[in-house]
Amino acid sequence: MPELPEAETIRRQLAPKIVGQIITNAWAKLPRRTLPSIEEFTQRAQGQRIIAAARRGKQLYFPLENGDHLLVHLGMTGRLAAEKSTLTLTSAPRHVQAALTLSGGDQLVFRDPRTFGSIGVSRELPFLQTLGPEPLDDDFDVNAIARKLKSRNTKIKTALLDQSLIAGLGNIYADEACFEARIHPAQIASTISIRKLQTLCETLKPLLQRAIAARGATLKDKGYEDIFGQHGKFIPHVYGQTGEPCENCGTIIQRGVLGAGKSARSYHFCPKCQKLI
DNA sequence: CGATTCCCCTGATAGC
DNA sequence: TGCTATCAGGGGAATC
């Protein structure tokens, strides 16, 4: 699952390959996942030079020369790569949802088996307004975020997943942050001491920096790959470690569920290090 | 406004 | 073995 560190890894790897290139051809496959429409995406992308590779939270965006932006959200299973290929709408394998031919000879290919990702062209960047602060920014205000968490009457992991509160955390890093701060993921946020919430927020930056240095996380050698098809080397302490001993105390890591039905999200924790108070 | 639930989709896995 | 049912999960819309 691409979260902030995985998206950032892809941004960094892609930048030298695509910035400065002109999009000479573009196509996309899924109308519901292509903005504003396949026709407009194709028309507005073609002929434009990519002038930067940027990211906000999990959202990737690539400013174009005319003021538009190419947008890519990887969702759950989205991947990006710059390849020496000439895939067309009709010749591309099933999982390729879009491809942009670049002037330098590469093709920017967007794959997404489960189609929770999206691609598009847009002048405006509304997510810049709706996403919360970037944990890696120098001005990320730990105390301000801790106070906001303190006001939430929902489970702490649910709050951490709220992109309008903090940008970029998903299942993996929300669980990891809770583990490092010794907080039970199902603890109601408002019942946690401000001191602990501060510790939790202080954990985020180094955690995400370590994950980026490892090029993200690939669970059980499955799922996320960087643009070279390589697995991330970040190994979570708790996420996906159900049944394994806690690195801190040896207690078996457990799995729990937040919410019910189709909106359920799992969490992973050490029952000894992360006690429900 | 804040919190919760539903829904999109399909590869992987569990169950029979 | 092989088929079928269930699950997972980011984010936005709808609901309460």
Side-chain angles (χ1 to χ4, degrees), chain A residues 1-8 10 28-36 38 55-61 71-80 92-98 110-120 122 124-132 135 145 147-177 185-192 208 216-225 231-232 236 238-243 254-268:
Chain A
M1 290 126 271
E3 304 177 24
L4 188 156
E6 290 76 22
E8 176 63 15
I10 284 165
K29 201 183 272 185
L30 295 178
R32 308 179 67 157
R33 292 289 167 183
T34 309
L35 300 173
I38 287 179
R55 177 194 60 75
R56 182 80 167 79
K58 305 174 195 176
Q59 177 78 51
L60 293 167
Y61 62 103
L71 309 180
V72 177
H73 196 295
L74 298 170
M76 275 180 63
T77 55
R79 291 180 197 171
L80 278 175
R94 175 175 156 82
H95 291 160
V96 177
Q97 310 299 3
F110 177 49
R111 283 172 240 268
D112 190 10
R114 297 195 194 179
T115 72
F116 276 24
S118 63
I119 192 164
S122 172
E124 308 299 328
L125 301 174
F127 54 84
L128 294 183
Q129 310 305 320
T130 55
L131 287 173
I145 300 297
R147 283 197 301 274
K148 284 198 172 184
L149 286 170
K150 185 75 183 171
S151 73
R152 290 289 183 120
N153 279 308
T154 190
K155 292 168 176 135
I156 184 65
K157 177 165 176 184
T158 302
L160 290 174
L161 293 176
D162 182 344
Q163 302 298 296
S164 69
L165 202 59
I166 303 169
L169 299 181
N171 255 335
I172 299 173
Y173 300 103
D175 275 356
E176 292 304 293
Q187 183 81 38
I188 300 295
S190 57
T191 67
I192 302 170
L208 296 170
T218 304
L219 276 295
K220 298 189 166 97
D221 286 340
K222 278 185 296 190
Y224 161 80
E225 292 178 359
H231 295 155
V238 285
Y239 187 87
Q241 305 296 327
T242 309
Q254 291 184 12
R255 177 181 180 275
V257 179
L258 300 173
K262 316 256 179 174
S263 58
R265 294 291 181 270
S266 63
Y267 61 88
H268 310 72

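Per chain, numbering begins at 1; letters A, B, ... match sequence-line order.
The distance between the ring centers of Tyr173(A) and Tyr239(A) does not fall below 6.0 angstrom.
Using a 4.0 Å cut-off, no side-chain N or O of Ser118(A) falls inside it from OP1 or OP2 of dG11(C). Applying the 4.0 Å criterion to OP1 and OP2 of dG11(C), one finds that His73(A) has a side-chain N or O inside that range. Contact between the side-chain N/O atoms of Gln163(A) and the OP1/OP2 oxygens of dG10(C) is not found at any separation under 4.0 Å. The side chain of Asn171(A) places an N or O atom within less than 4.0 Å of a non-bridging phosphate oxygen (OP1 or OP2) of dG10(C).
Rounding to whole angstrom units, CG of residue Leu71(A) and P of dG12(C) are separated by 12 Å. Between the CE atom of Met76(A) and the P atom of dG11(B) there is a distance of 12 Å, given to the nearest Å. Separating the CG atom of Asp162(A) from the P atom of dT4(B) is a distance of 11 Å, rounded to the nearest angstrom. Nucleotide dT4(B) holds its P atom 10 Å from the CZ atom of Arg152(A), rounded to whole Å. Atom OH in Tyr239(A) sits about 12 Å away from atom C1' in dG10(C), given to the nearest Å. Atom CG in Asn153(A) sits roughly 17 Å away from atom P in dC1(B) (whole-Å rounding). Distance, Leu219(A) CG to dA12(B) P: 15 Å, rounded to whole Å. Between the P atom of dG11(C) and the CG atom of Leu74(A) lies a distance of 10 Å, rounded to the nearest Å.
Remark: side-chain polar atoms of Lys150(A) are paired, donor with acceptor, to backbone N or O of Ser190(A) under 3.5 angstrom. Within the 3.5 Å criterion, the main-chain N or O of Ser122(A) finds no donor-acceptor partner in the side chain of Glu124(A). When atom types are taken as modelled, the side chain of Glu176(A) and the backbone of Val238(A) share a donor-acceptor pair closer than 3.5 angstrom. A donor-acceptor pair is defined here as one N or O able to donate and one able to accept, closer than 3.5 Å; such a pair exists between the side chain of Arg55(A) and the backbone of Gly57(A). Between the Thr218(A) side chain and the Gly232(A) main chain, a donor and an acceptor come within less than 3.5 Å of each other.
Between the side chains of Gln254(A) and Tyr267(A), no donor N or O sits under 3.5 Å from an acceptor N or O.
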Check nucleotides 14-16 of chain C for protein N or O atoms closer than 3.5 Å to its own N or O atoms and list the pairs.
none

Short N/O separations, protein against nucleotides 6-10 of chain B, under 3.5 angstrom:
from, atom 1, to, atom 2, distance (Å)
dC7(B), N4, Lys262(A), O, 3.4

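The residue Glu3(A) sits apart from the nucleic acid: no heavy atom pair falls under 4.0 Å. Thr77(A) comes within 4.0 angstrom of nothing in the nucleic acid, heavy atoms only.
Five base pairs at each end of the helix from dG2(B)-dC16(C) to dC16(B)-dG2(C) define two local axes, and these are offset by 50° (rounded to 10°).
At a threshold of 4.0 Å, the pair Asp162(A)-Arg152(A) counts as salt-bridged, since one of the basic side-chain nitrogens sits closer than that to a carboxylate oxygen. Between Asp175(A) and Lys157(A), at least one side-chain N (NZ, or NE/NH1/NH2) sits under 4.0 Å from a carboxylate O, which counts as a salt bridge. Salt bridge Glu3(A)/Lys58(A): absent, no basic N to carboxylate O contact under 4.0 Å.
Taking a 6.0 Å sphere around NZ of Lys29(A), one finds it holds more than 12 heavy atoms contributed by other residues, nucleotides or ligands.
The two residues Arg56(A) and Leu131(A) make their nearest non-hydrogen contact at NH2-O, 3.2 Å.
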